[in-house]
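What's counted below: heavy atoms across the whole structure, side chains too, no hydrogens, waters or symmetry copies.
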Amino acid sequence: MMTSDKARKAAIRARAAVTGEPYSVAARALADQRATAGVSAPDPRLLAPYPDESDVTVDELGCRVLPGDAAPELRARAEAAWRPVTAARPCRCSGPCQHGAACAPRAEAAGGCPGLLIHVDRYPGSLFCETIWEDTYQCDTCGEQFDSTVELPGLPWGERPEDGGALRIYEGTRHPTMTAFAFVDAGGCLGCGAGPDESCFCSTDDGCPECGAGGSDDPYGECVCEPAA
């Protein structure tokens with residue numbers, strides 16, 4: 001019990017040093033994070049850059065250094081921007097992951113691989129569920145990579161409007177899979193590249209029947225056919 005309390009106080013002091021919050025405010029914020037589903041308890045080692053990380057900024061430390069009442073948009077951005085660490089150090093992500101696990105079960109080489117997995121990336125991993133994230137792992141020895149999904153109920157990367165419209169990504173959150181779909185939903189066209197306020201040539205008649213301008217084979221072409229008399 002004393003060890004647990006000592007670790008808790010160390011975590012509060014570390015957070016206060018990074019965020020500038022009073023001790024009581026930092027304590028409340030960490031308590032709120034522990035109570036949030038899908039977010040692990042803070043590790044004091046992750047509340048500040050390591051001594052050998054001179055180029056790591058506060059923005060790359062994950063959700064742990066955010067105020068307890070931080071907006072969902074800020075939390076999502078922080079979850080997708082934390083800096084990976086070596087397998088010997090705890091991961092900076094906010095949810096369960098396989099960081100530090102043995103690579104051997106996944107290695108194809110005879111005899112297996114003695115390496116450990118490093119959690120190198122996390123980003124939204126679904127087109128339909130805002131609490132599904134995609135993780136990328138890489139072995140620190142053989143370099144093998146693989147992807148895995150995880151659900152974080154308390155850490156959504158987007159939201160649906162009250163009128164039941166399309167799922168929206170929080171501004172500034174990287175979503176490699178949904179970028180194109182969000183563009184189309186905003187009024188843009190993947191076929192010809194026309195923006196929301198530009199004319200789209202991808203009509204059902206596939207462009208001009210005479211020269212094909214504006215159709216799928218020539219989306220940027222201009223029709224030069226004389227109008228019918």
Q | Heavy-atom closest contact (L47 atom, V65 atom, distance) | A | O-CG1, 3.8 Å
Q. Does V150 reach the side chain of C97, with side-chain heavy atoms less than 4.5 Å apart?
A. no
Q: Drop me the distance from L167's CG to E159's CD, to the nearest 0.5 angstrom.
A: 9.0 Å
Q) What are the two closest heavy atoms between S126 and I132, and how far apart are they? A) CB-CB, 3.8 Å
Q: Can you sort out the partners of R89 under salt bridge (Lys or Arg N to Asp or Glu O under 4.0 Å), two or more places apart, ordered by chain and number?
A: D52
Q) Judged by atom type as modelled, is there a donor-acceptor pair below 3.5 Å linking the side chain of H99 to the main-chain atoms of C93? A) no
Q: Measure the spacing between CH2 of W157 and OG1 of T173 and express it to the nearest 0.5 Å.
A: 9.5 Å
(Q) Applying side-chain contact (heavy atoms from CB on, under 4.5 Å), can you list everything that pairs with T131, at least two apart in sequence or on another chain? (A) C129, E151, P156
Q.
Has R75 got a side-chain atom pairing as donor or acceptor with C63's backbone, closer than 3.5 angstrom?
A. no
Q. If you round to the nearest 0.5 Å, how far is CG of L74 from CG of D59?
A. 10.0 Å
Q) Quick one: CZ on R122 to OG on S94, what's the gap to the nearest 0.5 Å? A) 7.5 Å
Q. Listed by chain and number, what are the salt bridge (Lys or Arg N to Asp or Glu O under 4.0 Å) partners of R92, not counting sequence neighbours?
A. E53
**Q.** Pairwise ring pair (Phe, Tyr, Trp, His ring centres under 6.0 Å) hits with a residue in residues 49-68, at least two apart
**A.** none
**Q.** Cluster companions of V120 among Ile, Leu, Val, Met, Phe, Trp, Tyr (side-chain spacing under 4.5 Å)
**A.** I118
(Q) Tell me the closest heavy-atom pair linking L155 and W133, and the distance in Å. (A) O-NE1, 2.9 Å
Q | Listed partners of Y137 passing ring pair (Phe, Tyr, Trp, His ring centres under 6.0 Å), at least two apart | A | H119, F146
**Q.** Side-chain touch R77/Y170, heavy atoms, less than 4.5 angstrom
**A.** no
Q.
side chain to side chain donor-acceptor pair (under 3.5 Å), that's the test. Do T149 and E134 meet it? Break it down for me.
A. CA-CA 4 Å; T149 59; E134 185 87 4; 5.4 Å; no
Q: Could you tell me which non-hydrogen atom of C113 sits nearest to which non-hydrogen atom of T141, and how far apart they are?
A: SG-CB, 3.9 Å
Q.
To the closest 0.5 Å, what do you measure between CG (L152) and CD (E79)?
A. 6.0 Å
Q. About how many Å separate CH2 of W82 and SG of C91, when rounded to the nearest 0.5 Å?
A. 4.0 Å
Q) Among side-chain atoms of D135 and S148, is any donor-acceptor pair under 3.5 angstrom? A) no
Q | Closest heavy-atom pair and its distance - A70, L66 | A | CB-CB, 3.9 Å
Q: For residues R83 and L61, determine if any side-chain heavy atom of one lies less than 4.5 Å from a side-chain heavy atom of the other.
A: no
Q.
Any side-chain to backbone donor/acceptor pair from D140 onto G115? Under 3.5 Å, distance only.
A. no
